[in-house]
Protein chains: 2
Amino acid sequence: MNRTVSDMAYSLLSYALLGLIQQKPASGYDLRKVFTETPLASLSDSPGAIYPALRRLEERKLVTGIVEGSGLRQRKMLRVTAAGCDELKQWLKKPLAQSDIAHRLEELMLRFAFFDNVLGEESTLQFLCAFEAGLKIHIPHLRKCLNQDGPKMALCARLALENGVLGYEAQLKWVSHAIHSYKKKVKQS
Amino acid sequence: MNRTVSDMAYSLLSYALLGLIQQKPASGYDLRKVFTETPLASLSDSPGAIYPALRRLEERKLVTGIVEGSGLRQRKMLRVTAAGCDELKQWLKKPLAQSDIAHRLEELMLRFAFFDNVLGEESTLQFLCAFEAGLKIHIPHLRKCLNQDGPKMALCARLALENGVLGYEAQLKWVSHAIHSYKKKVKQS
DNA sequence: AGCGCCATGTAATGCGTTACATGATTAT
DNA sequence: ATAATCATGTAACGCATTACATGGCGCT
């Protein structure tokens, strides 16, 4: 997977939590519900994952928590610090590598979902165009694999590979739709 | 993610290795190359993941290794045992849950890619039909989210959600193509 | 009175990541 | 000769998983 420390200072879960808290201050319980109830996020909703991750974010001063305890029954509301917002922005701005397209599509989409109000219009369009360009390189490569090895492969294996190709082609359709939507919005503002 | 021990006795990587070894006896190095060079498998190709995983498979008697050492420069060729083949079959035969469709599509496709020569035609078609049925439940659910929350969401977040929906719709197209291909093959034999 | 939800955690365990290490063989 | 590839590992580390634990609150 060739991922070095500089690529990922924090875990995906941490970034997702950071992004959600940035959108709207929330408690650990709120965040858990996002992962259990909403379709986005195939991330862990278990308290054993979330609370330690939040503690780490707090230790590293990316978020701060204020206990909203009316008596007992306390709720710790978390909000991002300036450093946290900066760290999030760094993550979102990471240039997208071809290997991200080949192996980490979910991470790319998770990042993109947090672009609003953090990255500007220019960066967003840049991301989408880079994504489109990457897909246009990756898809022919996959098709070549399919044409070369497909006839030799057993049926299910070949169908699974075709599934991958069709998935990427759907991504390509999406990205041109996304670019169109985004440009329309830019013009309106 | 609600995954209990009975759901996943071994890691995804372990099953992928087991499946590949079942297809064709291989050395650790061969298996690494599969993960670095072929498009299928977003799994780790690092020796620190693969060799320990192979050792565990050997300890648990799911594979056996014979050292093919012409002098030095040894190569340990691994092949599945009867127990290993059985364990693989158990994994492949697991009934697919709705949560698999919502959160673990990659795992489903990985499983499907190993169906050839392990599961029969009936199980394979059953899997595809269950997958299709699951998608037909999941897609309207996602669409509903999009229609309800979409207007309230910021643009990138909404586009990311749309990306998910389009992805699942591509899956639905694929599955009907796959069922068609598979039925054609069954008739021929 | 008891059940389910709110709300936050901890402990043991297993596994993947990263980085390091070793040595043989083939190509240039 | 020396770089790249073959081939297999180990050690420290971080993090997710699983299961367990605690207690208040609201409803019936």
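Note on naming: letters A, B, ... go to the chains in the order of the sequence lines (proteins, then strands), and numbering restarts at 1 for each one. The model shown is predicted, which means the values in this text are computed figures rather than measured ones.
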Original post:
How does each nucleotide of nucleotides 4-9 of chain D score, in 5' to 3' order, for protein heavy atoms under 4.0 Å: base (B), sugar-phosphate only (S), or none (-)?
Top reply: --BBBB
Original post:
Within the pair Ser11(A) and dA16(D), is there a side-chain N or O less than 4.0 Å away from OP1 or OP2?
Top reply: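 Affirmative; the distance criterion is met.
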Original post:
Within less than 4.0 Å of OP1 or OP2 of dT17(C), is there a side-chain N or O belonging to Ser44(B)?
Top reply: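 Checking dT17(C) against Ser44(B), a side-chain N or O does come within under 4.0 Å of OP1 or OP2.
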For residues 49-63 of chain A, dump all side-chain donor-acceptor pairs below 3.5 Å to protein atoms at least two apart in sequence or in another chain.
from	atom 1	to	atom 2	distance (Å)
Glu58(A)	OE1	Lys76(A)	NZ	3.2

Between [X] ([atom1]) and [N] ([atom2]), how many Å, whole number?
X: Leu31(B); N: dG16(C); atom1: CG; atom2: C1'; answer: 17 Å
X: Ile50(B); N: dT10(D); atom1: CD1; atom2: C1'; answer: 15 Å
X: Asp45(A); N: dC15(D); atom1: CG; atom2: C1'; answer: 16 Å
X: Tyr15(A); N: dA16(D); atom1: OH; atom2: C1'; answer: 17 Å
X: Leu43(B); N: dG16(C); atom1: CG; atom2: P; answer: 9 Å
X: Glu68(A); N: dC6(C); atom1: CD; atom2: C1'; answer: 14 Å
X: Tyr10(B); N: dT18(D); atom1: OH; atom2: C1'; answer: 18 Å

**OP:** For Phe114(A), check ring-ring contact (aromatic ring centres under 6.0 Å, His included) against everything at least two apart and list the hits.
**Re:**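 By the ring-ring contact (aromatic ring centres under 6.0 Å, His included) rule, Phe114(A) matches no residue at all.
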**OP:** Please list, chain by chain and in numerical order, all residues satisfying ring-ring contact (aromatic ring centres under 6.0 Å, His included) with Phe131(B), sequence neighbours excluded.
**Re:**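 Once residues adjacent in sequence are excluded, Phe131(B) has no partner under the ring-ring contact (aromatic ring centres under 6.0 Å, His included) criterion.
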**OP:** Check the side chains of Ser42(A) and Glu106(A) for a donor-acceptor pair under 3.5 angstrom, ignoring hydrogens and angles.
**Re:**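 Yes - a donor-acceptor pair under 3.5 Å links their side chains.
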Original post:
Which residues pass the salt bridge (Lys or Arg N to Asp or Glu O under 4.0 Å) test with Arg75(A), sequence neighbours left out?
Top reply: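 Salt bridge (Lys or Arg N to Asp or Glu O under 4.0 Å) list for Arg75(A), sorted by chain: Asp30(A).
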Original post:
Residues in salt bridge (Lys or Arg N to Asp or Glu O under 4.0 Å) with Asp86(A), at least two apart?
Top reply: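 With sequence neighbours excluded, Asp86(A) shows a salt bridge (Lys or Arg N to Asp or Glu O under 4.0 Å) to no residue whatsoever.
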**OP:** Taking the side chain as every heavy atom from C-beta outward, state whether Thr64(A) and Arg79(A) have any atom pair closer than 4.5 Å.
**Re:**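 Thr64(A) vs Arg79(A): side chains touch.
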Original post:
Partners of Gln22(A) by side chain to side chain donor-acceptor pair (under 3.5 Å), sequence neighbours excluded?
Top reply: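 With neighbours one apart ignored, the set is empty.
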Original post:
In residues 53-66 of chain A, what residues come within less than 4.0 Å of DNA chain D, judged by heavy atoms?
Top reply: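 Those residues whose heavy atoms fall under 4.0 Å from DNA chain D, taken from residues 53-66 of chain A in numerical order, are Arg56(A).
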Original post:
With sequence neighbours left out, what residues match Ala102(B) under side chain to side chain contact (heavy atoms under 4.5 Å, CB included)?
Top reply: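 Scan of Ala102(B) (side chain to side chain contact (heavy atoms under 4.5 Å, CB included), adjacent residues dropped) gives His138(B).
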